[in-house]
Every structure is written in C-alpha cells, then in structure tokens.
**Q** 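Got a structure for you, questions after.
These figures come from a predicted structure and were not determined experimentally.
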Amino acid sequence: QVQLVESGGGLVQAGGSLRLSCAASASISSFNVMAWYRQVPGKQRELVASITSTGITNYADSVKGRFTISRDNPKSTVYLQMNSLKPEDTAVYYCNANRYGSAGGLLVYWGQGTQVTVSS
C-alpha cells in the first residue's frame, strides 16, 4: 500500500497563502501523474492541479495564476502553493497519485485529506 500524507491545511484569511504538502511512501517519480483535488460537502471531488512525471502541469481555471504545483523528488513530496486565497477555495484537499501497474491496470492512491478554510 502506497501512503500519501497531506499536511499544511488550516484557517487563513482571504488573500492569504498556504502551502500544502503531500509526502509519499514511494518515490514520486514512479507515478505517471500526481495531483491535488478538493471536495466540499455535497459536491464532486474536483481536480485542482496535476503534474506528470516529466514535469507537465495543469490547473483548473479557477486556480490558474494563483496556485502552483511542484515536486521535490528527493523528498518524495508534492506541494501545492496557494496564493491569493478566496473563500470559495475552502474545501478538503486531497493528494492523488496514479501509475500503471505491472498487470496493466491503473493504480490510484489517495491521501486522507487536509482541511483548508478561507475566511472573508
């Protein structure tokens, strides 16, 4: 079992910043894609940002220009730097990792989530 542990969530005022961390028990270079998702009660989990093993990044339109996903391979950690936070960014943020298993199936892993609350 691959473990993903998120940290860095908390309460912040609108316009503030937080940096989320996702520490993986396996080398993050072994994953084709790592990503951050977020979810609020009653809504589907949505993709916030992703980064491929080759460094290609993608962002949801709602966070583009404000959030940055990055990785530190030696530390087996993926980060989400969140700037200019808005109340609508309030959610539980989940780390996600994906890779193709030796049997050919896609393996998907999730962290436990970390709460981000942005007050106005």
Side-chain angles (χ1 to χ4, degrees):
Q1 172 75 5
V2 174
Q3 290 185 318
L4 304 174
V5 180
E6 302 99 332
S7 62
L11 175 64
V12 65
Q13 298 288 328
S17 298
L18 285 173
R19 189 183 73 163
L20 305 183
S21 299
C22 173
S25 62
S27 173
I28 60 174
S29 64
S30 69
F31 297 102
N32 300 98
V33 181
M34 297 195 72
W36 287 95
Y37 285 73
R38 65 187 181 188
Q39 188 171 30
V40 298
K43 294 186 177 181
Q44 295 185 25
R45 191 170 297 185
E46 65 174 350
L47 176 66
V48 177
S50 65
I51 185 167
T52 71
S53 60
T54 56
I56 300 172
T57 58
N58 194 26
Y59 298 92
D61 288 342
S62 59
V63 307
K64 194 171 298 182
R66 299 188 297 120
F67 291 10
T68 303
I69 188 170
S70 62
R71 66 189 183 193
D72 187 335
N73 288 354
K75 293 184 179 295
S76 296
T77 300
V78 173
Y79 302 97
L80 184 68
Q81 178 66 46
M82 305 185 294
N83 299 324
S84 301
L85 283 162
K86 304 175 180 180
E88 51 263 45
D89 295 318
T90 296
V92 177
Y93 284 71
Y94 296 91
C95 184
N96 164 264
N98 303 274
R99 69 182 181 188
Y100 294 101
S102 59
L106 180 65
L107 304 178
V108 182
Y109 305 94
W110 293 96
Q112 83 288 351
T114 185
Q115 176 72 45
V116 172
T117 303
V118 184
S119 62
S120 61

**Q** Start with the C-alpha gap between Met82 and Leu20, add the side-chain angles, then the distance that decides, and say whether side chain to side chain contact (heavy atoms under 4.5 Å, CB included) holds.
**A** CA-CA 8 Å; Met82 305 185 294; Leu20 305 183; 3.7 Å; yes

**Q** Looking at Gln3, I want to see if its CD is surrounded by more than 12 non-hydrogen atoms of other residues, nucleotides or ligands under 6.0 Å.
**A** no

**Q** Verify the distance criterion only: is there a donor paired with an acceptor across the side chains of Ser53 and Asn32 at less than 3.5 Å?
**A** no

**Q** According to a hydrophobic-cluster definition based on side-chain heavy atoms being under 4.5 Å apart (Ile, Leu, Val, Met, Phe, Trp, Tyr only), do Val63 and Ile51 belong together?
**A** yes

**Q** Could you walk me through whether Asn96 and Val108 pass side chain to side chain contact (heavy atoms under 4.5 Å, CB included), step by step?
**A** CA-CA 7 Å; Asn96 164 264; Val108 182; 3.5 Å; yes

**Q** What distance separates Leu11 CG from Gln115 CD, expressed to the nearest 0.5 Å?
**A** 9.5 Å

**Q** Are Lys64 and Asp61 within salt-bridge range, i.e. N to O under 4.0 Å?
**A** yes

**Q** Group every Ile, Leu, Val, Met, Phe, Trp and Tyr by side-chain heavy-atom contacts under 4.5 Å, then state whether Tyr94 and Leu106 land in the same group.
**A** yes

**Q** Step by step, would you call Glu6 with Tyr93 a side chain to side chain contact (heavy atoms under 4.5 Å, CB included)?
**A** CA-CA 8 Å; Glu6 302 99 332; Tyr93 284 71; over 6 Å; no

**Q** Please find the pair of heavy atoms, one from Met34 and one from Leu4, that lie closest to each other, and give the distance.
**A** CE-CD2, 4.2 Å

**Q** Could you state whether Ile69 and Tyr109 fall into the same hydrophobic cluster, counting links through intermediate Ile, Leu, Val, Met, Phe, Trp or Tyr residues with side-chain heavy atoms under 4.5 angstrom apart?
**A** yes

**Q** With the 4.5 Å side-chain cut-off for hydrophobic clustering, are Ile28 and Trp110 part of the same group?
**A** no

**Q** Identify the heavy atoms of Thr57 and Tyr59 that sit nearest to each other, and give their distance.
**A** OG1-CE1, 3.7 Å

**Q** Where is the tightest heavy-atom contact between Cys22 and Trp36, given as atom of each residue plus distance?
**A** CB-CZ2, 3.6 Å

**Q** Which pair of heavy atoms, one from Leu47 and one from Ser50, lies closest together, and at what distance?
**A** CD1-CB, 4.3 Å

**Q** For a quick test of reading the model, state the closest non-hydrogen atom pair linking Ala91 to Arg38 and the distance between them.
**A** CB-CB, 3.7 Å

**Q** Test the Arg99-Phe31 pair against the cation-pi criterion, namely NZ or CZ under 6.0 angstrom from the six-membered ring centroid and within 45° of the ring axis.
**A** yes

**Q** If I take atom OG from residue Ser17 and atom CZ from residue Phe67, how far apart are they, to the nearest 0.5 angstrom?
**A** 9.5 Å

**Q** Can you get from Val12 to Leu80 by hopping between Ile, Leu, Val, Met, Phe, Trp and Tyr side chains that sit under 4.5 Å apart?
**A** yes

**Q** Can you tell me how far apart NZ (Lys75) and OG (Ser27) are? Round to the nearest 0.5 Å.
**A** 14.0 Å

**Q** Mind listing the closest non-hydrogen atom pair of Ser120 and Pro87 along with its distance?
**A** CB-CG, 3.7 Å

